[in-house]
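I have placed the structure first, in the form of structure tokens, so that the comments after it can refer back to it.
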Number of protein chains: 2
Amino acid sequence: MALEHAILVSLLERPGSGYELSRRFERSIGYFWTATHQQIYRVLKRMESDGWIDVREVPQQARPDKKEYSVAARGRAALSEWLHEPIEPESVRHDLAVKIRGAAFDDPSALIREVERHHRAHSDRLAHYLAGERRDFTGPDAPAAPDAGQQLQHVVLRGGIAYERMTLDWLDDVLATLRRLGTAPPSADPAP
Amino acid sequence: MALEHAILVSLLERPGSGYELSRRFERSIGYFWTATHQQIYRVLKRMESDGWIDVREVPQQARPDKKEYSVAARGRAALSEWLHEPIEPESVRHDLAVKIRGAAFDDPSALIREVERHHRAHSDRLAHYLAGERRDFTGPDAPAAPDAGQQLQHVVLRGGIAYERMTLDWLDDVLATLRRLGTAPPSADPAP
DNA sequence: CTTGTTTATGCAACGAGTTGCATAGAAGGA
DNA sequence: TCCTTCTATGCAACTCGTTGCATAAACAAG
């Protein structure tokens with residue numbers, strides 16, 4: 001399980017409340033690890049009772065109080081231990097690929113709109129990543145001499161950018177294939 | 001949930017037993033959807049009681065009997081329905097990315113071996129995909145006029161190949177970054 | 001003849017992750 | 001004034017997925 005560790009990394013980069021963490025999981029660290037606020041609150045509670053993180057009640061004006069979490073020594077140790085143990089290269093779960101293979105037993109051209117929708121979503125994500133890269137790493141306001149943390153964040157973001165670009169190219173390939181099948185007569189037997 | 005649908009697609013491509021399905025999920029359809037045999041047997045049972053699939057007891061010599069499943073009309077309908085409803089573009093879960101960002105708070109050069117291991121694993125996978133592509137689609141024994149099903153399987157496989165190539169390039173980038181940080185003094189504060 | 005491997009199926013328990021719902025104060029708009 | 005949105009936290013129930021274990025027949029190796 002890596003949600004604990006993702007939270008540790010995020011809290012080391014900057015302490016924050018469960019709510020703030022759930023916002024970060026909608027961007028930044030959320031680009032490669034998703035979590036809902038429910039999960040985050042539950043895990044935070046466990047991490048606190050395990051002594052991985054410390055809590056500080058922060059009264060606020062004009063909004064509800066919050067609990068600000070920060071990483072304790074035991075949490076740092078747990079992260080370090082995890083960093084040193086090997087993990088399995090992750091396997092992908094791509095339901096769109098299942099749909100594409102399934103289209104052989106249905107109408108392939110009916111999938112075109114769906115694939116176009118995915119294309120737009122990935123295109124938006126790419127634009128979003130590129131804007132973030134310009135803002136934090138390559139733009140005029142970016143640090144001239146980035147520290148280790150910034151360089152590592154940047155290389156992870158470059159991974160996200162590469163992923164989206166690859167995906168967009170592939171979706172173009174998928175669209176071309178589906179359109180080719182749409183103009184030719186279907187050879188796989190459709191539903192009886 | 002898409003495991004049901006992945007199983008439907010696989011059974012439409014060729015009927016088979018739970019055991020055979022679990023083998024297919026180690027290759028082919030397993031390239032983009034993973035499942036253990038436990039999960040498969042449980043879901044098959046549910047699908048059967050829902051009338052999505054039919055069973056046929058097949059006695060075998062020299063090995064235990066098996067239950068061969070094939071897709072029933074209701075299963076075909078369920079697949080068709082699923083194909084026509086939109087799905088969310090999937091979000092990635094990349095624990096290696098969490099580790100890389102976490103390395104800022106540990107020793108970045110300690111991650112090099114781990115990243116190299118992932119590089120080898122993805123390199124093996126790419127070779128495996130390319131061999132499959134040559135065997136089934138681009139080699140001399142491949143069909144000269146592939147049908148819709150084969151063309152769709154091929155475009156999915158091309159996606160896998162593109163993913164592995166992109167990942168290998170990115171891992172090279174990661175390794176270069178980690179090595180650069182290893183030779184320079186660390187600027188993020190390490191564990192106290 | 002025992003041990004290990006392959007085919008083949010399954011239960012039980014747990015942990016991870018999702019969905020629906022609930023609460024509550026303050027701000028801002030219709 | 002009411003309705004919605006934002007911040008902030010949480011419970012309960014459920015589904016999904018993993019891990020460990022168990023069974024059983026046949027074959028191959030030692």
Side-chain angles (χ1 to χ4, degrees), chain A residues 1-8 10-11 15-27 29-30 32-50 53 55-69 82 87-88 90-95 98, chain B residues 1-7 10-11 15-27 29-30 32-50 53 55-69 82 87-95 98:
Chain A
M1 213 282 239
L3 179 55
E4 276 100 330
H5 304 108
I7 289 176
L8 285 174
S10 193
L11 288 180
S17 69
Y19 186 79
E20 284 163 351
L21 279 169
S22 74
R23 312 280 331 254
R24 290 183 210 171
F25 275 85
E26 284 164 14
R27 19 171 216 88
I29 200 142
F32 44 86
W33 202 269
T34 57
T36 62
H37 75 276
Q38 307 295 351
Q39 235 183 306
I40 291 167
Y41 283 122
R42 209 190 312 156
V43 171
L44 279 174
K45 205 153 262 190
R46 186 171 65 231
M47 291 169 77
E48 194 205 329
S49 76
D50 289 349
I53 51 180
V55 207
R56 198 169 56 95
E57 289 267 350
V58 178
Q60 297 184 114
Q61 75 286 27
R63 61 188 58 178
D65 297 353
K66 66 175 180 177
K67 298 180 184 170
E68 194 180 78
Y69 293 94
W82 177 70
I87 49 172
E88 281 306 297
E90 56 290 310
S91 27
V92 196
R93 284 240 163 151
H94 219 302
D95 18 19
V98 179
Chain B
M1 214 283 239
L3 179 54
E4 277 100 330
H5 305 108
I7 288 176
S10 193
L11 288 180
S17 69
Y19 186 78
E20 283 163 352
L21 280 169
S22 74
R23 312 279 332 252
R24 289 183 211 171
F25 275 85
E26 284 165 13
R27 19 171 215 88
I29 201 143
F32 43 86
W33 201 270
T34 56
T36 61
H37 77 276
Q38 306 294 352
Q39 235 183 307
I40 290 168
Y41 283 122
R42 210 191 311 157
V43 172
L44 279 174
K45 205 153 262 190
R46 185 171 65 230
M47 290 169 77
E48 194 205 330
S49 76
D50 288 350
I53 51 179
V55 206
R56 197 169 58 95
E57 289 268 349
V58 178
Q60 297 184 115
Q61 75 284 27
R63 59 189 60 179
D65 297 355
K66 64 175 180 178
K67 299 180 183 170
E68 195 180 78
Y69 293 94
W82 177 70
I87 49 172
E88 281 305 297
E90 57 291 310
S91 26
V92 196
R93 286 243 163 146
H94 219 305
D95 18 19
V98 178

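Sequence lines set the chain letters: A, B, ... in the order given, protein chains first and strands last, and positions in each chain run from 1. Atoms considered below: every heavy atom in the structure, side chains included; atoms not considered: hydrogens, waters and symmetry mates.
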Which whole-number value in Å describes the distance from [X] [atom1] to [N] [atom2]?
| X | N | atom1 | atom2 | value |
| --- | --- | --- | --- | --- |
| B/D95 | C/dG17 | CG | P | 10 Å |
| B/D65 | C/dG10 | CG | C1' | 15 Å |
| B/H37 | C/dA8 | NE2 | C1' | 9 Å |
| B/M47 | D/dC16 | CE | P | 13 Å |
| B/E68 | C/dT7 | CD | C1' | 15 Å |
| A/L44 | D/dT9 | CG | P | 9 Å |
| A/D50 | C/dG15 | CG | P | 13 Å |
| B/E20 | C/dA8 | CD | C1' | 10 Å |

May I ask you to evaluate whether [X] reaches the phosphate of [N], defined as a side-chain N or O under 4.0 Å from OP1 or OP2?
| X | N | value |
| --- | --- | --- |
| B/Q39 | D/dT18 | yes |
| A/Y41 | D/dT9 | yes |
| B/Y19 | C/dT9 | no |
| A/K45 | D/dG10 | yes |
| B/S17 | C/dT9 | yes |
| A/K67 | D/dG10 | yes |
| A/R23 | D/dC6 | no |

Subject >> Closest nucleotide among D/dG10, C/dG25, C/dT19 to the A/T36 side chain >> reply: C/dT19

Subject >> Proximal nucleotide (of D/dT9, C/dG17, D/dG17) relative to the A/K66 side chain >> reply: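 Of the options given, the side chain of A/K66 lies nearest D/dT9.
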
**OP:** State, to 0.1 Å, how close A/F25 and A/W33 come at their nearest heavy-atom pair, and which atoms those are.
**Re:** CD2-O, 3.1 Å

Original post:
B/R93 or B/Y69: which one's nearest nucleotide on DNA chain C is closer to the 5' end?
Top reply: B/Y69

Original post:
Does the side chain of A/M47 reach to within under 4.5 Å of the side chain of A/L8, using non-hydrogen atoms?
Top reply: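 Of all side-chain heavy-atom pairs linking A/L8 with A/M47, at least one is under 4.5 Å.
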
Subject >> Check: A/K66 and A/Q60 side chains under 4.5 Å, non-hydrogen atoms >> reply: yes

**OP:** Identify whether the distance between the nearest side-chain nitrogen and carboxylate oxygen of A/E48 and A/K67 falls below 4.0 Å.
**Re:**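 No.
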
Subject >> Toward the 5' end of DNA chain D, by each residue's nearest nucleotide, A/R42 or A/Q60 >> reply: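 By nearest-heavy-atom nucleotide position, the 5'-most residue is A/Q60.
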
Subject >> Base C/dG20 paired with A/Q38 side chain (donor-acceptor, <3.5 Å) >> reply: yes

**OP:** Test A/L21 against A/L44 for side-chain contact (heavy atoms from CB on, under 4.5 Å), laying out the working first.
**Re:** CA-CA 10 Å; A/L21 279 169; A/L44 279 174; 3.9 Å; yes

